[in-house]
Amino acid sequence: MKKRAAVLSTILAVSMAATGCGNLAATAPTQEAAAVAETAATKTNAVSDKTDPNSPDYVIELDPQYNVPTDELLKTFPIEYQTPAETELSKKIQNRMLNGFNRWNMGYDAWEHWGEVLYHDDSIYNVNGVKLTLDEYQTAMDMSLKKLDIQMGTFKNMVLVDDWMAIQYDIVNIDRATGEKHPGTTMEFAKFGDYGELGAKVDEGWGGVKNESYDGTMHFQTEEEQKAQKEFMDELCNTKLKDTDNLEEKYPVVYPTTIDTELGKQMKAAILNDFENYNSGYAAWDKWTDEFYAENASLNYKGDDVSLDEYKDIVKDEIGNTSRVRINNILVSEDWAAIHFWTVTTNEDGTKEADNHMQFLHFVQNGDKVQVDNCFMK
């Protein structure tokens, strides 16, 4: 954002200099001076054009290249499991994200300019579990995009509820030095604000889950921010769940959103029961899975397709030492749910470690209950 402001200041300075030269040249009219005057007049007419990058009044959010219509973008970036954008804000958010896909694969400068559209100066982005200011996030992305060419792939989900968005999409990271390709899947949750003429912008977002880059990402924080990050993790590790059979009270959602359909309420109840059975040990969860998952359910765990039995084997190694302790989000749109939650694992030496997880769950009605028949997990 600072870079674009500097560019506009330069344009203004050049424009002022050109106007001064024009006034001097007017004392001795020539064809050249007339041409300069005509050019200056053209620029004057463009001064109030907020969509012209050469205008001092340019507003990047209004630039047509960042505002391609949604219908047109969906032809290029179809959403595999699409749920509707029903409110005006949801439609603005959907369009912003699709335009972001359209602008992404163009290097850091293009990404930074796009960031001026998507974020504001006080935006926060949690990268792999680490809370960064916008400046810190931009610095981290600058370093990443110098090493990697990140190409967007299949757009799987975009769940929009109230002022929240959850998205899932495939990416390919290409090492610029070696050309080696690393495919992956990214999940993000973001809370938006409506900024009038400037459109929908991210107030706070969460991109990806905590991984091996966690400690390295913290180096982008100030010492004070690192201290706050540690305090947040310690708070999670010391979480005490309420001793109650009311699962709505035991697992409150930090950022609650509207769930106003009977199907949606059943879906949330099933998710909370999944948390409770997981925290009750492997025997309880193993029995519960036959009710929670539909027969022949399609499961994807960290980018790999797995059978239910394979997923049970994965969970068997972690359950008992790991508890699900906090739910950030449960977004429900039609028969899809997107959830973001935290777990705490107790290691063999007694130390505790907090991790965040994201899931996209598709539900089907089976008699008087709902079951998951398609699930993506990270």
Side-chain angles (χ1 to χ4, degrees), residues 1-12 15 43-74 77 79 82-104 106 109-126 131-138 141 155 158-167 188-207 254-258 260 328-329 331 333 338:
M1 293 189 182
K2 296 182 179 68
K3 183 183 293 184
R4 179 56 62 98
V7 171
L8 291 179
S9 296
T10 302
I11 291 172
L12 276 168
S15 177
K43 288 186 176 181
T44 300
N45 291 333
V47 161
S48 62
D49 187 354
K50 295 181 179 181
T51 66
D52 182 353
N54 294 314
S55 167
D57 291 335
Y58 175 63
V59 178
I60 190 172
E61 292 90 346
L62 304 182
D63 191 321
Q65 72 174 329
Y66 299 104
N67 286 283
V68 180
T70 297
D71 290 346
E72 185 176 335
L73 289 167
L74 283 172
F77 304 105
I79 301 171
Q82 187 171 359
T83 51
E86 296 181 323
T87 67
E88 287 305 310
L89 179 57
S90 291
K91 291 174 183 176
K92 288 182 180 181
I93 295 170
Q94 182 186 52
N95 181 262
R96 275 280 153 92
M97 296 315 301
L98 289 169
N99 270 288
F101 258 59
N102 196 36
R103 303 297 304 170
W104 177 275
M106 301 181 184
D109 286 344
W111 180 87
E112 185 185 43
H113 293 162
W114 166 245
E116 295 181 51
V117 179
L118 186 61
Y119 304 103
H120 55 78
D121 288 341
D122 295 325
S123 293
I124 295 293
Y125 214 80
N126 298 268
K131 179 175 286 192
L132 300 179
T133 65
L134 182 58
D135 282 346
E136 291 163 350
Y137 180 35
Q138 288 175 322
M141 285 301 300
F155 209 142
M158 183 186 293
V159 179
L160 301 162
V161 183
D162 298 339
D163 52 0
W164 278 89
M165 170 211 75
I167 57 175
E188 300 183 44
F189 286 70
K191 186 181 187 303
F192 283 76
D194 192 337
Y195 291 85
E197 184 183 42
L198 302 183
K201 289 178 176 285
V202 172
D203 289 331
E204 186 164 5
W206 287 258
V254 177
Y255 303 101
T257 49
T258 302
D260 55 9
N328 262 29
N329 304 91
L331 305 185
S333 178

* Asked: Nearest 0.5 Å, what's the CZ-CG distance between F101 and L73?
  -> 11.0 Å
* Structure fact -> Between the CZ atom in R103 and the NE2 atom in H113, the distance rounded to the nearest 0.5 Å is 9.5 Å
* Between the main-chain N or O of L331 and the side-chain N or O of N329, is there a donor-acceptor pair closer than 3.5 Å? -> no
* Looking at CG of N99 and OH of Y66, how far apart are the two atoms once the value is rounded to the nearest 0.5 Å? -> 10.0 Å
* To do: List in chain and number order the residues that pass salt bridge (Lys or Arg N to Asp or Glu O under 4.0 Å) with E72, two or more places apart in sequence or in another chain; answer none if no residue qualifies.
  => none
* To do: Rounded to the nearest 0.5 Å, what's the gap from CD1 on I124 to OG1 on T133? Could you check?
  => 6.0 Å
* Considering residues at least two apart in sequence or located in another chain, which fulfil the salt bridge (Lys or Arg N to Asp or Glu O under 4.0 Å) criterion with E61? -> K201
* Spell out, as yes or no, whether a donor-acceptor pair under 3.5 Å connects the side chain of N126 to the backbone of G205. => yes
* Structure fact -> Distance col, row I93:CD1 vs M165:CE, nearest 0.5 angstrom, shows 7.5 Å
* Structure fact -> Taking every heavy atom of P84 against every heavy atom of S333, the minimum-distance pair comes out as CD-OG, 3.9 Å
* **T258 and D162 side chains, donor-acceptor separation under 3.5 Å** => yes
* To do: Show the numbers, then the answer: is there a side chain to side chain contact (heavy atoms under 4.5 Å, CB included) between W114 and R96?
  => CA-CA 10 Å; W114 166 245; R96 275 280 153 92; 3.9 Å; yes
* Closest approach of D63 and P53, non-hydrogen atoms and distance? -> OD2-CG, 3.8 Å
* Under the side chain to side chain contact (heavy atoms under 4.5 Å, CB included) rule, what do L118 and W111 come out as? Steps first, then yes or no, please. => CA-CA 10 Å; L118 186 61; W111 180 87; over 6 Å; no
* What residues, two or more places apart in sequence or in another chain, satisfy side chain to side chain contact (heavy atoms under 4.5 Å, CB included) together with T70? -> L74, Q94, N95, L98
* Does a salt bridge link D57 with K50, judged by any charged N lying under 4.0 Å from a carboxylate O? -> no
* ring-ring contact (aromatic ring centres under 6.0 Å, His included) with W206: which of W164, Y125, F189? -> W164
* Structure fact -> Taking every heavy atom of G193 against every heavy atom of Y195, the minimum-distance pair comes out as O-CD1, 3.3 Å
* side-chain contact (heavy atoms from CB on, under 4.5 Å) partner of V161, chosen from T87, T83, T257 -> T257
* Asked: Rounded to the nearest 0.5 Å, how far apart are CG of L160 and NZ of K91?
  -> 11.5 Å
* pair M158-F77: side-chain heavy atoms closer than 4.5 Å -> no
